[in-house]
Colleague: 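Pasting a structure below so you can have a look.
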Amino acid sequence: MTTTAAKGDDTISLQALLEMQIDARLNRAANAAEDAAKALRRIADAVETFNALFASVIGVGKTTCYGENGADFGPPVNFIRSGRGNGVFACDADNSSDDEE
């Protein structure tokens with residue numbers, strides 16, 4: 001079975017038309033996949049930038065516990081940076097007062 005073009009001079013077989021249609025669909029699918037990959041790359045870049053920004057404002061400081069023998073360093077604590085970001089924090093036990101309870 002053959003199909004004629006508008007001018008009547010050229011003929012294209014049905015199989016050739018079907019192959020062209022399949023190629024066109026594959027090209028559209030490939031283009032859609034490339035567009036999706038580009039969008040996912042932009043999302044990944046945005047998440048990476050957000051994580052870097054968030055990590056840049058988190059600091060680690062030392063806790064200083066004051067006891068009978070003087071100052072003793074406790075476990076490190078995370079904090080949101082403000083200023084230089086090299087603060088020293090008192091232990092929770094040092095912040096509580098028995099007189100106020």
Colleague: Do any pairs count as a side-chain hydrogen bond (donor to acceptor under 3.5 Å, both in side chains) and have a residue in residues 18-29, sequence neighbours left out, and if so which ones?
Modeller: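 Residue pairs with at least one partner in residues 18-29: Q15-E19.
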Colleague: Using a 4.5 Å cut-off between side-chain heavy atoms of Ile, Leu, Val, Met, Phe, Trp and Tyr, which other residues end up in the same hydrophobic cluster as L26?
Modeller: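 Members alongside L26: I22.
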Colleague: Partners of E34 by side chain to side chain contact (heavy atoms under 4.5 Å, CB included), sequence neighbours excluded?
Modeller: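 So E34 forms a side chain to side chain contact (heavy atoms under 4.5 Å, CB included) with N31.
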Colleague: Show me, pair by pair, the donor-acceptor contacts under 3.5 angstrom made by side chains of residues 36-47, not counting sequence neighbours?
Modeller:
none

